[in-house]
**Student:** 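I am attaching a structure below and will ask some questions about it afterwards.
A, B, ... follow the sequence lines: proteins, then strands. Residue 1 opens every chain. If you're wondering where the values come from, they're calculated on a predicted model, not measured in any experiment.
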2 protein chains.
Amino acid sequence: MAEHAIQIGELSRRTGCNIETIRYYERIGLMPAPPRRGRYRSYDADHVGRLGFVRRARELGFTLDEVRTLLDLAAGGAAACLEARTLAASHLLDIRARIADLRRMERVLNQSVQACDAEQASCCPLIEALYADHGKSAGGRATKIAI
Amino acid sequence: MAEHAIQIGELSRRTGCNIETIRYYERIGLMPAPPRRGRYRSYDADHVGRLGFVRRARELGFTLDEVRTLLDLAAGGAAACLEARTLAASHLLDIRARIADLRRMERVLNQSVQACDAEQASCCPLIEALYADHGKSAGGRATKIAI
DNA sequence: ACTTGAGTCTGTAGTCGCTACAGATGGCAT
DNA sequence: ATGCCATCTGTAGCGACTACAGACTCAAGT
């Protein structure tokens, strides 16, 4: 069994996860503290699987807390599916809201840049737009700036 | 002149910027330290304008460093326009890349949630998708996760 | 005059998800 | 013995805030 043991560098290579990040995940309890060979951490296929799971969930934009929940659900039984679905669906809404925010930004910025190209007159339309106070700007959803 | 002086609370109300954030901006030199009436900060129309500028730039997703640059450019002369345009254009590219990232996440998540709805069989397709190792997942642009 | 309440002050520490060191070991090849 | 790389621990930094604690100022009400 121990013949498939790998060190942290190899785990990093296989999962694409930074070494420092792996240790960070261990520190915050997202990854279990592995056994040691000497002083060195010794990982096996389970660790590779779990860390892969974490990375893929992160790539989908789940927070570490959500990843923790998903891991629990993955370990849990059949009833977990509904809960996972709920979590994913709410996360999906969040992503869509962020897309909408970014598209608003994109639209406004694009207008400004194009105005800048069109007009070679007096002052910078881009900077003027930022100074202008009239009504609302790009942020429609919330005052909060969550880039 | 001093008759239009306002306190930090009023500045916060007029710009929609949190009081603590205003003081933070002062600390990092983004907003000038205003004169005091007694111990209280005393702001005028210029401050309202500048802070409004900052907020609008932030809502467009510029970083504080970029905002600083934009403020300098706004104070500078005519040559600033081109530079501002360049900054905005590069920021626009960044926003578009982030939109693309989020849309990838959205697509994958949406598939998973729908698979979850369709199939009431055995195991959770969502969690299985996260465990699956085959090829690449949602992140196509970079390994880096910048949500 | 006294109290109450709201507003403001300073300073520090926490958030999230890493990332980047410094300085000490470990183990292997030459 | 000497390099050299990998790994170890621990701590501090990033960006952009946010959240306190504990002190103060000031105007209004009783």
**Student:** All N/O contacts under 3.5 Å from nucleotides 25-27 of chain D to the protein, with atom names and distances to one decimal?
**Tutor:**
unit_1 : atom_1 : unit_2  : atom_2 : d
D:dT25 : OP1    : B:Arg39 : NE     : 2.2
D:dT25 : OP1    : B:Arg39 : NH2    : 3.0
D:dT25 : OP2    : B:Arg39 : NH2    : 3.1
D:dT25 : O2     : B:Tyr40 : OH     : 3.3

**Student:** Could you tell me whether A:Arg41 contacts a base, only the sugar-phosphate backbone, or nothing, with contacts defined as non-hydrogen atoms closer than 4.0 Å?
**Tutor:** sugar-phosphate

**Student:** Would you say the side-chain atoms of A:Arg55 and A:Tyr25 include a donor-acceptor pair closer than 3.5 Å?
**Tutor:** yes

**Student:** Report the nucleotide, chosen from C:dC9, C:dT12, C:dT19, that has the shortest atom-to-atom distance to any side-chain atom of B:Arg27.
**Tutor:** C:dT12

**Student:** Of all the choices, D:dT9, C:dC18, D:dA16, which nucleotide is nearest to the side chain of A:Thr21 once you look at every atom?
**Tutor:** C:dC18

**Student:** Give the nucleotide from the list C:dT10, D:dC17, D:dC8 with an atom nearest to the side chain of B:Arg36.
**Tutor:** C:dT10

**Student:** Just compare D:dA16, D:dT9, C:dT8 and give me whichever is closest to any side-chain atom of A:Arg23.
**Tutor:** D:dT9

**Student:** Which part of the nucleic acid does A:Ile19 contact within heavy-atom distance under 4.0 Å: base, sugar-phosphate only, or nothing?
**Tutor:** sugar-phosphate

**Student:** Over its full length, what angle do the end axes of the helix from C:dA1-D:dT30 to C:dT30-D:dA1 make, each axis taken from five pairs and the result rounded to 10 degrees?
**Tutor:** 30°

**Student:** Salt bridge check, B:Asp65 against B:Arg68: does any charged N sit closer than 4.0 Å to a carboxylate O?
**Tutor:** yes

**Student:** What pairs of nitrogen or oxygen atoms, one from the protein and one from nucleotides 3-5 of chain D, lie under 3.5 Å apart?
**Tutor:**
none

**Student:** Quick one: closest heavy-atom pair of A:Thr15 and A:Val48, and the distance?
**Tutor:** CG2-O, 4.0 Å

**Student:** Does one side chain, of A:Asp94 or A:His91, offer a donor that lies under 3.5 Å from an acceptor on the other?
**Tutor:** no

**Student:** Can you tell if the side chain of A:Pro32 reaches within under 4.5 Å of the side chain of A:Arg50, non-hydrogen atoms only?
**Tutor:** yes

**Student:** Check whether any side-chain heavy atom of A:Leu30 sits under 4.5 Å from a side-chain heavy atom of A:Tyr24, and report yes or no.
**Tutor:** no

